[in-house]
Amino acid sequence: MDMKTLIEKMTLEEKASMCSGMNFWDTQAIEHLGIPKMMVTDGPHGLRKQTGSSDHLGILESVPATCFPSASATACSFDPSLLTEMGVAIGKECQKENVGVILGPGVNIKRSPLCGRNFEYFSEDPYLSGEMAKAHIQGVQSQGVGTSLKHFAANNQEHRRFSGDSVVDERTLREIYLVGFEKAVKEGKPATVMCAYNQLNGTYCAENSYLLSRILRDEWGFTGFVVSDWGAVNDRVASVVAGLELEMPATGAQNDKLIVQAVKQGTLNEDILDQAVERILRIVFKWEQKKIANATVDMEENNQLARKIASESMVLLKNENNRLPLNKQANILFVGGFAEKPRYQGGGSSHIHSYKVTSALDAVSGMNNVTFAKGFDADTNTVDATLFNDAIEKAKRADVCVIFAGLPDSFESEGFDRSHMQLPSCQNQLIDEITQVQPKTIVVLHNGSPVEMPWAHSVQGILEAHLGGQACGLAVTDLLFGDANPSGKLAESYPLRLQDNPSYLFYGGERDRTEYREGVFVGYRYYDKKDIEVLFPFGFGLSYTTFEYTNLKLDKKTIKDDEKLIVTADIKNTGNCRGKEAVQLYVRNATGDVIRPDKELRGFAKVELNAGERKQVSFELSKRAFAYYSTTIKDWHVESGEYEILLAKSSHDIVLCEAVAVESTVQIPIEVTINTCFADIEKAVGGKEFMDALLSQLPQLQGLQEMENDDGMGLAEMMRAMMKYMVPRSMMMMGDGKLDIEQIGHMIKTLQEMQSCKCKEIET
C-alpha cells in the first residue's frame, strides 16, 4: 500500500494523532493500519534512552551507553572523519536499543561563553559547525538511524528559553546563525530537524513559516519532518501550517483535538495535514525497513573509540619549557577532585548513563610514582583547609604537579546560563598557592565553555580537556605522558575576560527581547576586526612537534564568482615525532565596500605527518567562500575586487597569503534619485556615463587640471573628492543656470531605466 492510499484510509482523528507523540518518546502507532510506533530519544554525543519514567532534563537514569566527548570537545579535533566514526558507533547503539531517531547534533552558534548549553554545540564559527554536524549525521544515518538537527534557530541562550525573542537582522541570521544548519541539511540530509523553543523576530520558531517552510524546505530542499523541542509548541494549528509536523511529547490529545477542529472549521486545509502525516510516515517506515533484529554492540570497542576521539580533541594551550610530555619516572603529584571524579559530560537532556568511566587516577593506577592530593572537592566551591594544606605540602616534594580543575555541574547546564566565566574560587586559590611552592605545575581543565585563567602566566602547562567523555582519564594521561600527541585546536575564542565578548552588553536581553546588536561580528570575527587581545585565539593549539607551511599556490589569479578556485600548499613536520596539524584557510575581502569581518574560515584540513614528512593539502573554494548575504537581492553576493587567501595555524597566526581577483557575475542594482550620492551613482549600471555627461555641463571644472592650491593638491582632485558625497540636485548651483532640475531629472530617468532592466535580468 502506497503512502497516499494509507493516508486516505485514516480518519481525521487518526491523522491528527500522528502529529503528536504516543507518549514521551514514541511516535503514534495505528495498529489496524499497520503503522508502528518509532522511538526518538536524546543524544547527541551518546544514547540516552530511558526505560521507565520519562524526563527531558537528564535527571532520571537511562540504559548504559557510550558517552563520547561532547561537541565542545569534538569540534576542536577539526577532523570530521572522527565525527563520522562516532556517529557510526552511536547509530549501532541505537539499533541495539531499537531507537529510530536520536536527537542531535546541535549546531547553534556560541554567541557568548555564558550559554549554559554551549557544551552541546560545536563552535562560534558556522562553517566549522556545519562541517562537523554533516559528518556526525552521515555517520549515524549510515546505520539506518535518523538524526534530528537542532535547535532551529537562533537558540543561543538558555535564559528565558521558552519565551525569549531572538531579534536578528537578516544578514546576520543568514551569515552566522543559519549557515551550519544549511550545510548540515543540504549535505548531511538529516531525517528530522528540531525547532527551537525561542521566538525569532517576534514569531515562535515552532510556527515560523519563514524558517520551517521558506528556508528549510523551499530553499534548502529538506524532505524529512520537523519535530518540536519538547514542549516548544505555542499554537498547534499555526505550527502545522508553518511546517512543524510532529509535536513532542504527547499532550494527552489536547492539541490533536485543536487540529481536528481547525480542519472541520476550514481554518486548516486537510491537504496540509495529509502532507504532514506523509512526512512522518515516510521516516517511520524507513526505520522499519532499516531495523536490525538482535543487533549487538562491542561496548569496549566504543570505549576505545571514545578514548581516541578525546585525545585528538583536547587542546594543549601552553607548554612552557617543553614541560610536557611528562617523564614517566618523575615524582608526579595529581591534585584536584576532578582527577578521581572527572566532569566528562554536561547536565540536562544529553546526560548519559555511561557504560564505564575512567578517571585520570584510574588510568595511572599502576604507576607507583604518581601520588594524589584531593585539594578540593569537584562538586563544591568551598575551601577545605585540611585538603588545601595537604596538597600544598605534597606539591613541595613533587618533581611536577598536575592540577585537575574545571566547572562543576552546577555552573553550566541545560536550562540556565552562567553568570560569569570564572572557575570556582577555591580552585583558583589552590592553583595560585601551589604555583608559589611548585613552579613545575600543569593544569588540566574539565569544562564545556571558556573560563578565565588568572593563573595562566604562572603555570607551565595548560591542557584543555573540555568534557571529554567516559574515557577522558585515559585520553588525558595519554597526552600528559606522550603516548599521544596533542592535535586539537580551539573551536572558539577564549577572551581574557567576559567583558571582552562582543555580545556582553546585550546578552540575555531585556525581559523576553534579546537583540543581536553585534551583528556578524561573533567570536574571532569581532576580536580580529577590532584587534582585541584574547587569552587564546580561535583555531589555536600546540603540539609536541612543529610544522612548516610552504608553497601556497592558487590555480588562477583571476576568477569569476561562478568559477572554482583550487588552493594547495605543502605542510612539513619539522619536529622529531609523529603528529597531526589542523591547517586553516581564511578568506579576507581586501578591497570591498561592505562592512565585513577581517577574515572568515572557509576551509580546514587535518593532516598527519611523520617526523620530517611533507604532504600537500588542497582546498576548493566556490562562490560562497567569497560571498556575503545581500539583503538587497536576497541572495549571496560577491563584490568584485581583490581577496586574500590566508593559510593559518590559528585566526591570529597567518602563515601564508596569496591574492586573487574575483569578478562578480551579478551587479546589484542601485536606486538612483536626485538625492543619491555620486559615489553610489558611479557604481550603478551606466553610472560612469551619467557622471561624464553631468560634469561636461559644469564650466567651473574646465581648466582645473592645471590649477593647484597652495598645498600643491590639484583643484580638480579636490573637486572630485568633494563631489563624491554630493548629490545630483546640488549641481544646479554649479551650472550658472545652464543646468536645471528638468535636465537632471531626464538624465536620472535614463539611468533608472537602465537599473530597472538590470533588476529584471537578475530576477530572470
Side-chain angles (χ1 to χ4, degrees), residues 75-79 110 123-125 127-128 131 312-322 324 450 453 456-457 461-464 485-496 500 521-554 567-575 577 579-590 596-609 614-619 621 625 643-659:
C76 296
S77 71
F78 275 75
D79 188 349
K110 298 183 179 184
S123 178
E124 68 188 29
D125 182 80
Y127 179 84
L128 177 59
E131 288 290 336
E312 295 199 26
S313 301
M314 294 178 183
V315 185
L316 182 60
L317 296 176
K318 186 177 183 181
N319 193 18
E320 187 178 314
N321 299 325
N322 293 319
L324 294 172
M453 305 180 200
H457 63 285
I462 304 171
L463 179 65
E464 176 58 88
N485 191 347
S487 64
K489 299 211 174 189
L490 291 179
E492 58 188 307
S493 308
Y494 275 42
L496 285 167
D500 295 335
F521 294 98
V522 175
Y524 73 88
R525 286 167 166 78
Y526 172 80
Y527 300 120
D528 292 358
K529 187 74 171 182
K530 292 199 68 175
D531 195 21
I532 291 176
E533 183 182 0
V534 294
L535 185 60
F536 298 107
F538 174 86
F540 175 79
L542 302 174
S543 170
Y544 294 151
T545 188
T546 53
F547 299 94
E548 178 185 70
Y549 294 34
T550 58
N551 204 26
L552 174 61
K553 290 184 178 179
L554 314 183
V567 180
T568 58
D570 293 337
I571 312 299
K572 181 180 180 181
N573 184 339
T574 54
C577 66
K580 293 184 177 183
E581 174 72 343
V583 183
Q584 299 153 55
L585 185 153
Y586 297 84
V587 173
R588 172 187 289 143
N589 184 350
R596 298 181 67 172
D598 174 67
K599 69 183 79 70
E600 296 177 281
L601 184 71
R602 292 296 189 245
F604 58 90
K606 193 79 171 275
V607 56
E608 185 172 15
L609 298 163
R614 183 193 306 270
K615 287 183 181 178
Q616 185 183 80
V617 294
S618 179
F619 305 90
L621 302 181
Y643 291 78
E644 293 175 351
I645 308 302
L646 312 172
L647 229 57
K649 297 183 178 182
S650 76
S651 70
H652 278 196
D653 190 358
I654 309 301
V655 183
L656 300 173
C657 175
E658 286 288 339

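Numbering of residues begins at 1 and proceeds along the displayed sequence.
Judged by distance alone, the side chain of Lys110 and the main-chain N or O of Asp125 form no donor-acceptor pair under 3.5 Å. Proximity of a side-chain donor or acceptor of Asn319 to a complementary backbone N or O of Leu324 within less than 3.5 Å is detected. One N or O on the side chain of Lys649 and one on the backbone of Phe547 form a donor-acceptor pair closer than 3.5 Å. For the pair Glu124 (side chain) and Tyr524 (backbone), a donor-acceptor distance under 3.5 Å is present. Panel note: side chain Tyr494, backbone Met453; no donor-acceptor pair is recorded below 3.5 Å. Between the Arg602 side chain and the Ala625 main chain, a donor and an acceptor come within less than 3.5 Å of each other. Of the possible donor and acceptor atoms, none in the side chain of Lys580 sits under 3.5 Å from a partner among the backbone N and O of Lys606.
Atoms CG and CZ, on Leu554 and Phe619 in that order, are 12.0 Å from each other to the nearest 0.5 Å. Here His652 contributes atom NE2 and Lys599 contributes atom NZ; the two are 6.5 Å apart, rounded to the nearest 0.5 Å.
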Go through the steps to decide whether Leu552 and Val655 satisfy the test side-chain contact (heavy atoms from CB on, under 4.5 Å), and finish with yes or no.
CA-CA 10 Å; Leu552 174 61; Val655 183; over 6 Å; no
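Remark: Ala75 pairs with Phe122, Ala491 by the side chain to side chain contact (heavy atoms under 4.5 Å, CB included) rule, at least two apart or across chains. The side chain to side chain contact (heavy atoms under 4.5 Å, CB included) search around Glu548 returns Thr550, Lys572, Thr574, Arg614, not counting sequence neighbours. For Val607, the side chain to side chain contact (heavy atoms under 4.5 Å, CB included) test picks out Ile571, Glu581, Val583, Leu609, Lys615, Val617, with sequence neighbours left out. Under the salt bridge (charged side-chain N to carboxylate O under 4.0 Å, His left out) criterion, Arg588 pairs with Asp598, Glu644, sequence neighbours left out. By the side chain to side chain contact (heavy atoms under 4.5 Å, CB included) test, Ile532 is found to be paired with Tyr526, Tyr527, Lys530, residues two or more places apart in sequence or in another chain being considered.
In this structure the side chain of Glu600 reaches within 4.5 angstrom of the side chain of Arg525, judged on heavy atoms.
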Under 3.5 Å, which donor-acceptor pairs do the side chains of residues 534-545 form with other protein atoms, sequence neighbours left out?
{"from": "Ser543", "atom 1": "OG", "to": "Asn485", "atom 2": "OD1", "distance (Å)": "3.1"}
{"from": "Ser543", "atom 1": "OG", "to": "Asn485", "atom 2": "ND2", "distance (Å)": "3.4"}
{"from": "Ser543", "atom 1": "OG", "to": "Thr545", "atom 2": "N", "distance (Å)": "3.1"}
{"from": "Tyr544", "atom 1": "OH", "to": "Leu479", "atom 2": "O", "distance (Å)": "2.6"}
{"from": "Thr545", "atom 1": "OG1", "to": "Asn573", "atom 2": "OD1", "distance (Å)": "2.6"}
{"from": "Thr545", "atom 1": "OG1", "to": "Gly575", "atom 2": "N", "distance (Å)": "3.3"}

